[in-house]
Asker: 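Shown below is the structure under consideration.
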Amino acid sequence: MRLFEEKVSISESEIDQAIDFCITQDKKILPGFTHKFKKAYSVDNFYEGTENRDWTTGFWTGELWLDYENSGDEAFKEAANIQIDSFLDRIQQLEDVDHHDMGFLFSPSCVAGYKLTGNENGKKAALLAADHLISRYHPVGEYIQAWGSMDSPDNCRLIIDCLLNLPLLYWASEITADVKYRDIAEKYIHTALKNVIREDYSTWHTFYFDLNTGEPSHGATCQGYRDGSAWARGQAWGIYGIALSYGYTRKEEYLDLFRKVTDFFLLALPEDMVPYWDLEFKEGTEQPRDSSSASIAACGMLEMAKFLEEEEKAYYNGLAGKILKSLYDNYAVKDHKTSNGLVLHSTYSNRSPYNTCNHYGVDECNTWGDYFYLEALTRLKKDWKLYW
Ligand code: GLY
């Protein structure tokens with residue numbers, strides 16, 4: 001099955017223009033966002049600054065590293081290095097880290113800084129974060145618990161998003177030559193994929209286990225529309241997460257899962273290839289989009305394409321280029337006066353009658369939407385070395 005064959009890919013000059021805008025936009029806001037981070041989501045398309053809290057601050061530091069790679073401007077590097085010190089302090093003081101999002105926080109910030117510039121504080125912080133992440137592993141059940149205290153039966157669940165936390169563990173094993181991190185990553189992904197992927201290759205956002213026996217219990221949504229639907233970003237985390245773990249493990253079974261989970265996502269897209277916040281909603285609905293899911297899925301396709309034979313490589317690279325064309329034409333910020341972010345029309349957390357999430361960041365910019373848009377553009381521009 002080949003989808004969206006009629007669509008046009010983003011051109012080289014559009015990629016250059018898009019990246020140039022990101023660099024100018026971020027340089028403009030840098031003075032206010034060096035000792036502060038972008039908040040998770042904008043309000044009326046403008047971000048406020050925040051302290052280094054929440055699961056999302058690593059994306060802003062990662063965006064600065066991408067700006068630095070694309071421009072060579074030392075101002076971005078200096079700001080990112082200042083932020084790495086803040087991440088070291090955060091993990092040493094254990095500030096707001098009572099959750100599993102260590103990869104989201106420490107890969108694009110600290111691992112990236114170590115890989116690009118040899119920043120030793122980045123390495124130290126990221127290794128501490130990897131140790132913290134494996135402290136959330138349940139050997140009985142073989143999963144990493146997402147949120148909350150580890151001894152309450154109500155908290156015993158994994159979430160699909162955690163696939164993006166695993167590269168921190170693969171990296172930690174490479175750096176320390178200690179296989180314990182990688183072992184846990186491999187056990188986690190095995191458990192996660194066995195349980196969150198449904199028969200039709202849509203995905204559960206979260207999945208519960210029995211605290212004492214570790215037996216899988218049931219799936220449930222948190223940020224999706226309803227339990228049986230497919231939350232767009234969860235599906236996108238699945239696409240990118242499977243591709244990343246394939247790169248580290250080369251396990252054949254991930255290839256086929258990647259194709260099928262990606263097909264489910266693609267088949268649910270509206271005409272312009274940018275999903276509504278839940279894949280249940282189709283062309284013509286009044287529901288808000290989640291543009292960040294489109295960028296995340298595009299990064300996943302570009303990552304997996306690296307390992308595929310010619311025809312399939314061209315197919316997934318092509319799809320990513322087409323998604324980026326749509327994002328650039330219709331979702332990217334083009335005028336500094338309208339927003340201090342990069343991409344509009346994302347949805348963080350949309351309350352529905354059937355879910356349990358808080359309501360915020362709906363039809364706004366969010367910091368991972370900006371980051372993954374620039375990561376995807378950078379991947380299209382050059383042979384990009386992974387921060388993940
Ligand atoms: N990991 C949380 C989210 O994607 O909103």
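In each ligand, atom 1 is the first atom listed, and ligand 1 is the first ligand listed.
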Asker: Does any donor atom in the side chain of Thr117 or Asn119 lie under 3.5 Å from an acceptor atom in the other side chain?
Answerer: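 Asn119 and Thr117 do not have a side-chain donor-acceptor pair below 3.5 Å.
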Asker: Run the salt-bridge test on Glu311 and Arg2 with the 4.0 Å N-O cut-off and return the result as yes or no.
Answerer: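 A salt bridge is present here (some side-chain N lies under 4.0 Å from a carboxylate O).
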Asker: Name each N or O atom in ligand 1 that is under 3.5 Å from a protein N or O, and give the partner atom and the distance.
Answerer:
{"from": "ligand 1", "atom 1": "1 (N)", "to": "Asp161", "atom 2": "OD2", "distance (Å)": "2.7"}
{"from": "ligand 1", "atom 1": "4 (O)", "to": "Arg233", "atom 2": "NE", "distance (Å)": "2.8"}
{"from": "ligand 1", "atom 1": "4 (O)", "to": "Arg233", "atom 2": "NH2", "distance (Å)": "3.4"}
{"from": "ligand 1", "atom 1": "4 (O)", "to": "Trp237", "atom 2": "NE1", "distance (Å)": "3.0"}
{"from": "ligand 1", "atom 1": "5 (O)", "to": "Gln223", "atom 2": "NE2", "distance (Å)": "2.9"}
{"from": "ligand 1", "atom 1": "5 (O)", "to": "Arg233", "atom 2": "NH2", "distance (Å)": "2.6"}

Asker: Validate the cation-pi geometry between Arg182 and Tyr248: distance from NZ or CZ to the six-membered ring centre under 6.0 Å, angle to the ring axis within 45°.
Answerer: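 Judged by the rule (NZ or CZ under 6.0 Å from the ring centre, within 45° of its axis), Arg182 is not positioned above Tyr248.
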Asker: Is the Phe106-Phe87 ring centre distance short of 6.0 angstrom?
Answerer: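 Yes - the distance between ring centres of Phe106 and Phe87 falls below the 6.0 Å cut-off.
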Asker: Looking at side-chain heavy atoms only, is the closest gap between Thr34 and Glu78 below 4.5 Å?
Answerer: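 No, their side chains stay 4.5 Å or more apart.
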Asker: Who passes salt bridge (Lys or Arg N to Asp or Glu O under 4.0 Å) against Glu14, sequence neighbours left out?
Answerer: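 Counting only residues at least two positions away or on another chain, Glu14 forms a salt bridge (Lys or Arg N to Asp or Glu O under 4.0 Å) with Lys325.
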